[in-house]
Participant: 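Before I ask anything, let me first share the structure, which is written out below as structure tokens.
Keep in mind it's a predicted model, so treat the numbers as computed, not measured. By convention here, the first residue in the shown sequence is residue 1.
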Amino acid sequence: MLTFYGKSFESRLMLGTARYPSPEHVRNAVLKSGAEIVTVSLRRESVGGDKAGHAFWELIKALEVTVLPNTAGCHTAREAIKTAEMAREVFGTPWIKLEVIGDNETLQPDVFGLLEAARELSAQGFEVFPYTTDDQVVAGRLIEAGCRVLMPWGAPIGTGKGLNNPFALKLLRQTFPEIPLVVDAGIGAPSQAAQAMEWGYDAILLNTAVATAGDPPAMAEAFALAIRAGRTAFLSGLMTETDLAVPSTPVFGTPFSPFAG
């Protein structure tokens, strides 16, 4: 079971809800994937004002999934904190995916603003899911600030480049074995998601790779299968890599002919 802040889930795939061709594609992707957690941006989706926003919110509620609001688009700690406070009122949850963007080209997190916002929001009783880099020191500081989940990027948001820094991501997993780690951003193919799960990551958060696929529901299902395969492989124990070939059939006891040679 996957557990975040005392709440358990069967699925290890989390889905974003932006950039889909239609709300119906969102609905079908969630259903096909079996995802139990979806992210929703307060800035991107109006849930109480216009008719389209209300219809979208009704669709999400009908799916009976857990909503993880995010602070997408925020560039300062103060802006992110204010957005989180509004999201808690609108969505009725202490959960918040905390994003503080420091660079407009790469959408890399501003780790200084992220830490500032994480400390204050944790003090206010929020249960924070920080979108962060793969930096080990920053991860430790976020945990000290009260975060009980970390969401390191695999690559810049929407690039589909996968797991850019395997060393750092593996080190992060080894350093914080008790903290749930979710690869968030950069995953473009099911094989990349499976690899992260084979390394021991706890879950994958996707948006662009599913939303912009030719068939979003089918792609969501493909990712769900890959994530399950990767998790099963991790739990089963992957074989050890070697530099030399190791025969699968032992040569000891192999019949031979005395006339050979």
Participant: Could you tell me whether the side chain of V40 reaches within less than 4.5 Å of the side chain of F56, counting heavy atoms only?
Facilitator: yes

Participant: Do M219 and D215 make a side-chain contact, defined as non-hydrogen atoms from C-beta onward lying under 4.5 Å apart?
Facilitator: no

Participant: If hydrophobic clusters are built by linking Ile, Leu, Val, Met, Phe, Trp and Tyr wherever their side-chain heavy atoms come under 4.5 Å apart, do V90 and W57 end up in the same one?
Facilitator: yes

Participant: Would you say the side chain of Q192 lies within less than 4.5 Å of the side chain of V183, judging by non-hydrogen atoms?
Facilitator: no

Participant: To the closest 0.5 Å, what do you measure between CD1 (I96) and CD (E127)?
Facilitator: 11.5 Å

Participant: Would you confirm whether T17, through its side chain, and T39, through its main-chain N or O, come within 3.5 Å as a donor-acceptor pair?
Facilitator: yes

Participant: Is there a side-chain contact between L181 and I179, using heavy atoms and a 4.5 Å cut-off?
Facilitator: yes

Participant: State yes or no: do I101 and V111 share one hydrophobic cluster built from I, L, V, M, F, W and Y residues joined by side-chain heavy-atom distances below 4.5 Å, directly or via other members?
Facilitator: no

Participant: Determine whether I60 and L13 fall in the same hydrophobic cluster, where Ile, Leu, Val, Met, Phe, Trp and Tyr are linked whenever their side-chain heavy atoms lie under 4.5 Å apart.
Facilitator: yes

Participant: So does R88 pair up with E85, basic N to acidic O under 4.0 Å?
Facilitator: no

Participant: So which heavy atom on V210 is nearest to which on A29, and how close?
Facilitator: CG1-CB, 4.2 Å

Participant: Is there a donor-acceptor contact under 3.5 Å from the side chain of E36 to the main chain of E10?
Facilitator: yes

Participant: Between the side chains of E120 and R78, is the shortest nitrogen-to-carboxylate-oxygen separation below 4.0 Å, so that they form an ion pair?
Facilitator: yes

Participant: What heavy-atom pair brings A80 and V100 nearest, and what distance separates the two atoms?
Facilitator: CB-CG2, 3.8 Å

Participant: Shared ILVMFWY cluster between V65 and Y5, side chains joined below 4.5 angstrom?
Facilitator: yes

Participant: Indicate the atoms forming the closest heavy-atom contact of G200 with R231, along with that distance.
Facilitator: O-NH1, 4.4 Å

Participant: Closer than 4.0 angstrom, basic N to acidic O: yes or no for E58 and K61?
Facilitator: yes

Participant: Working to the nearest 0.5 angstrom, can you tell me the gap between L31 CG and L63 CG?
Facilitator: 5.5 Å

Participant: Nearest 0.5 angstrom please: R27 CZ to K32 NZ, how far?
Facilitator: 12.0 Å

Participant: Indicate the atoms forming the closest heavy-atom contact of A35 with S11, along with that distance.
Facilitator: CA-OG, 3.7 Å

Participant: Any link between L169 and F234 through a network of hydrophobic side chains (Ile, Leu, Val, Met, Phe, Trp, Tyr) touching at under 4.5 Å?
Facilitator: no

Participant: Less than 4.5 Å apart, any side-chain heavy atom of I204 and any of M197?
Facilitator: yes

Participant: At what distance, to the nearest 0.5 angstrom, does CG of L163 lie from NZ of K170?
Facilitator: 10.0 Å

Participant: Side-chain contact test, heavy atoms from C-beta onward, threshold under 4.5 Å: evaluate it for L150 versus L142 and give yes or no.
Facilitator: yes

Participant: Atom OG1 of T232 and atom CD of E198: how far apart are they, to the nearest 0.5 Å?
Facilitator: 10.5 Å

Participant: Identify the two heavy atoms, one from V149 and one from P130, that lie closest to each other, and give their separation to 0.1 Å.
Facilitator: O-CD, 3.0 Å

Participant: L172 and Y201: side-chain contact (heavy atoms from CB on, under 4.5 Å), yes or no, with the steps?
Facilitator: CA-CA 10 Å; L172 206 60; Y201 273 74; 3.8 Å; yes

Participant: Output yes when a side-chain donor or acceptor of R173 lies under 3.5 Å from a complementary backbone atom of F176, and no otherwise.
Facilitator: yes

Participant: Verify side-chain contact (heavy atoms from CB on, under 4.5 Å) between D184 and M14, making sure each step is shown before the conclusion.
Facilitator: CA-CA 9 Å; D184 174 19; M14 305 160 68; over 6 Å; no

Participant: Given side chains that start at C-beta, do those of R19 and H25 come closer than 4.5 Å, heavy atoms only?
Facilitator: no

Participant: For S33 and V30, indicate whether the former's side chain and the latter's backbone hold a donor-acceptor pair under 3.5 Å.
Facilitator: yes

Participant: What closest approach, in Å, do A226 and P190 show between heavy atoms, and which atom pair accounts for it?
Facilitator: CB-O, 3.3 Å

Participant: Under 30°, 30 to 60°, or over 60°: which ring-plane class applies to F9 and F4, parallel, tilted or perpendicular?
Facilitator: tilted

Participant: Could you tell me whether the side chain of I81 reaches within less than 4.5 Å of the side chain of Q124, counting heavy atoms only?
Facilitator: yes

Participant: Could you please spell out the steps behind the side-chain contact (heavy atoms from CB on, under 4.5 Å) verdict for R141 and V138?
Facilitator: CA-CA 5 Å; R141 296 292 185 270; V138 173; 5.6 Å; no

Participant: Please round to the nearest 0.5 Å and tell me the distance separating atom CG of N70 and atom CD of E99.
Facilitator: 5.0 Å

Participant: So, the side chain of Y131 versus the backbone of K97: is there a donor-acceptor pair under 3.5 Å, distance only?
Facilitator: no

Participant: Check ring-ring contact (aromatic ring centres under 6.0 Å, His included) between Y20 and all other residues, then give those that pass, not counting sequence neighbours.
Facilitator: none

Participant: Strictly distance-based, threshold 3.5 Å: is any side-chain N or O of T106 a donor or acceptor partner for the main-chain N or O of P156?
Facilitator: no

Participant: Please verify the inter-ring angle class for F129 with W95; under 30° counts as parallel, over 60° as perpendicular, anything in between as tilted.
Facilitator: tilted

